[in-house]
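What follows is a short report on a single structure.
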Amino acid sequence: MEYDFIEIEKKWQGYWKEADIYKVTNNPGKPSYYVLDMFPYPSGAGLHVGHPLGYIASDIYARYKRLKGFNVLHPMGYDAFGLPAEQYAIEHGIPPAISTDRNIQNFRKQLDHLGFCYDWSREIKTSDPAYYKWTQWIFLQLFQCFYNRQEKKADSIENLVKDFERTGNQNHPCPGDEAVNFSAAQWQAMDEKSRSDILMHYRLAYCGYGEVNWCEALGTVLANDEVINGLSERGGFPVEKKVLRQWYLRITEYADRLLDGLHQIDFSDSMKEMQTNWIGKSVGAEISFPIAGHEADQIAIKVYTTRPDTIFGVDFVVLAPEHLLVHLITTVDREEEVEAYLQYMKSRSERERLAEKKITGCFTGAYVLHPFSGKKIPVWISEYVLSGYGTGAIMAVPCGDERDFRFAQHFQIPITNIIGDAFTGAEANATKEAILQNSGFLDGIAMKDAGVIVVEKLVAQNIGKAKTQYKMRDAAFSRQRYWGEPFPITWKEGMAKALPENTLPLVLPDLQEIKPGPDGEGPLANNRQWIESAGSDGLRESATMPGYAGSSWYFLRYMDPHNNTAFCSREASDYWNQVDLYVGGTEHAVGHLLYSRMWTKFLFDRGWIGFEEPFKKLLNQGMIQGSSRFVYKLNFLQEEDATSKLPAIFISKKYADKFLQHKKTDTVLEKELYDVLKKHGIQVGNILKDRHPDIMTLHVDVNMVDGYELDTAAFQKWRNGEYAKAVFILEEGRYICGAEVEKMSKSKFNTINPDDLVMKYGADTFRMYEMFLGPVEQSKPWDTRGIEGVHRFLKKLWRMFFQEEKGLILQNAEPTAAEWKILHTAIKKIGEDTERFSFNTAVSTFMITVNELAELDCHKTAIWEPFLIMLSPYAPHIAEELYQHVLQVKGQDGPKTIMDMDFPELEKKYLVETSKVYPISINGKLRTTISISLEATQADVEALVLANEVVKKWLEEKAPKKIIYVRNKMINIVI
RNA sequence: GCCCGGAUGGCGGAAUUGGUAGACGCGUCAGACUCAAAAUCUGGUAUCAGCAAUGAUGUGCAGGUUCGAUUCCUGUUCCGGGCACCA
């Protein structure tokens, strides 16, 4: 009986489905464990081999935990709103709802083939009105709440208004605009619109103004991804920045709690560091620099600095080009140049601005006065200062800051040295240790002590204050797009109004055609009927929510997916609690993972759930990259003659390399080319000399390439025979391709579809091979060579149960000590490896174990039964199948599925003989090694050392005064 | 540019806490079985020198700490991910 994986996998997948084996219920009798994958965006390209990496890892762990006695929640769903579906609709006229559902079906089919233990009864998709009803509901809660800084938690706007009526806003400084201050009486006197505007500055979901990528030619807002070098991806039209009304989440109010929460959760240090840096908390000071010539109207430039101690080193002030004061302060003679600079800035993305090595800037002609010395300081504008961070203005201290230094050097601004010898004049020195000089009242004071003194003085003179600043900005929460959740908001007389909760969901209407609305609005604005359908409540908001809206809380919905009266009952969320293990890529480090943490904290503040961190432990899976292959096409200068009718000519890598190196053909190539073309009946004449051949590098489908060798016949059939008449110039009879590691992508023809591999080798082989490739956390290029090894292992395992002539050879005999030892070593290693997510080494251990048992010709049920239970998380189908035969031989009516068994317990006694090797060093020189039993005490070790032949002899010879001690895994003998 | 990772044989990788570098798998070479092939099995395989025993070198590069460094520190090169509207 052969290992027939197709039959076995079909059989077990059918059985699991039929028996609902993976359905879980809230079972208070058992400890819960929640294993979650980051749900996929169902792209049209389907699943590639990179997707399942994390899914397989989480599936193994979920099954392992189940064997360990936990009630495991392991669900899956789809992040179904997003730009690509909308783009597809624009290009192909197929509505996003339809293409998305089609893609989901395809994903589901592919996932099913891999034998995952998902509880599909809990499947969710974010574009389902039954789901986004609650996304809209949570949005409304955010809209109706503000962050109460005194209580450090979200509180209702209702309470805020009550406080305003009593005491004005003195207890609640305005987070949206510091300048907003009013008394109870003033509040009472305000009209409805003014009150609405003020409340907007407090709401956790609020409307404001922000810059977007605007493409005039397309009449639409573009995502950063759709902009390439300042031009639109579609059409290549110029893209500018434009200010539009946008919704935001006031995540900055949660900055401190998002930082504090990092201590409670098990994320990698690098992940925590990324989030910490993103939030970017800094402590410093805000300082006002009065503008020379404007003393009367008291106009000043506010700068933010983390180094108030360097205040006397200020040689210039730099404003962000967007700074509101730029136009006011620019002097007449500088206007033209400033205007030109601002024009140049319009096309610059933030990324470009920060990444630019070239130093640009422009003097405004204006001066500010130093707050202490009164010195005149020139004011510049430059792209390296961003309007979004701090006050949009900096005080530049070239002797202490590298960027300021380079700027000063480039524009030949004189540099003041306030740190004496610590500044060489060749580069800036950002030290905090120096003693200040040239610093007025700070002379002789250490820098680290000076900051406090400066702040005190600033406060005393009322020209500055200490300030904590965050780099993180509020999260933009609206998109001028169609395929997203509609906002449950209407607008009337400039005021936003929440829809009543009992009218949710506000269903996204179908559109005949998706095209940009007027004045930068989204496509929904074109559907006047829908926009006006709120009647006297006003006009509906035409923007939709961004991709991360639905994904910010989906892990809660899985706990109670069919609830019609709440996003998730408190009972369900109390039982399942936090996600115990969350598996996904690092690319979400500062997006999704920060937003979902904020939403969880908000829902916790409002008492809807009982925990404030969503994910207890995060496992980051690495990205599987594609290994692309290239062919080299010989191109000739096109002229109206015979050459343009030549077939496509492809030359092998060796020749292409040579060609690219010398930028011309060499004689060998020339001769071979001649011969090949002649063979094809093509007369070329002096073509190579006259036609200036050039080489074009083309991606080829990696599935047509074996290693590096191109299957030329397949290539000729590729793309409906586009290259059917292609001619190949081979090296040693083969066409060798070029190669490069890139992101896996359809357009690079380097995607590997798991379906093909599952068809050829089976899901079990595929699962184990993906794990065997390397550590889950590590990124690596996909390489199919090697999958045979894992497949061989499973075939070998099968033969331990079945042999050709004899059939089933399993027996019930009592295992020998050696056999027990092999089993228990495996239990120990596989258990440990699975616990620490070292799935690749666990697969190795399975292989070693089977090899060792094969050598002993062991076919005993007592050994193989526990082995199969251990194997089942990794290769569930074959484990289940073979387990049935164990039951049959044992004559037991055991549980029907291996999933109801327990992971085998380790019995230590069989490990006693296992020994560890200790190196022995004498005076630091390594002499020999000895083996010591795992259970040996230190006294045993010392005795063994003395007994050791080599050491004993050596000690006798030298007769040393000896001290022997054991440290770490080293035995040291010191004379 | 900024933030976070990574680099070990021909290839993917192992070395769990600073202690025999290269487990396991692929590939490859030799052999067994076979008319032959496939499948399977056995053995070799870091590099250099040597018939061999063995010796020397060796974890991107340059230094440092240590009796001892793939592991810790400093600098550096290259590669990957993120940088706020891809998800």
- Message: Counting only Watson-Crick pairs (N1-N3 plus N6-O4 or O6-N4) and G-U wobbles (N1-O2, O6-N3), all under 3.5 Å, who is the partner of C41(B)?
- Response: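 Answer to the pairing question: G31(B), which forms a Watson-Crick or G-U pair with C41(B).
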- Task: Using both distances under 3.5 Å as the test, list the Watson-Crick or G-U wobble partner of U20(B), or none.
- Result: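 No nucleotide pairs with U20(B).
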Phosphate OP1/OP2 of [N]: any [X] side-chain N/O under 4.0 Å:
X         : N      : result
Arg799(A) : C41(B) : yes
Lys795(A) : A39(B) : no
Asn851(A) : G25(B) : yes
Asn840(A) : A14(B) : yes

- Query: Within a strict 4.5 Å, meaning less than it, do heavy atoms of the Tyr582(A) and Met38(A) side chains meet?
  - Reply: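 The answer is yes, as the side chains (C-beta and beyond) meet within the 4.5 Å cut-off.
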- Task: Under 4.0 Å between any heavy atoms, over every strand shown, what does Pro775(A) touch: base, sugar-phosphate, or nothing? Just pick one.
- Result: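 Counting heavy atoms under 4.0 Å across all strands, the contact made by Pro775(A) is with sugar-phosphate only.
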- Return the value, rounded to whole Å, for the distance between atom OH of Tyr761(A) and atom C1' of C26(B).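 Taking OH of Tyr761(A) and C1' of C26(B), I get 12 Å after rounding.
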- Query: Which whole-number value in Å describes the distance from Tyr3(A) OH to U40(B) P?
  - Reply: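 These atoms are roughly 14 Å apart.
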- Message: Heavy atoms from C-beta onward define the side chain here; which of A15(B), G13(B), U40(B) lies closest to that of Arg836(A)?
- Response: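 Of the candidates, A15(B) comes closest.
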- Query: In the 5'-to-3' direction, what one-character label does each nucleotide of nucleotides 82-87 of chain B receive under the scheme B = base within less than 4.0 Å of a protein heavy atom, S = sugar-phosphate only, - = no such atom?
  - Reply: SBBBBB
- Considering only the P atoms, how many Å lie between U71(B) and A21(B), rounded to the nearest integer?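 Approximately 14 Å lies between the P atom of U71(B) and that of A21(B).
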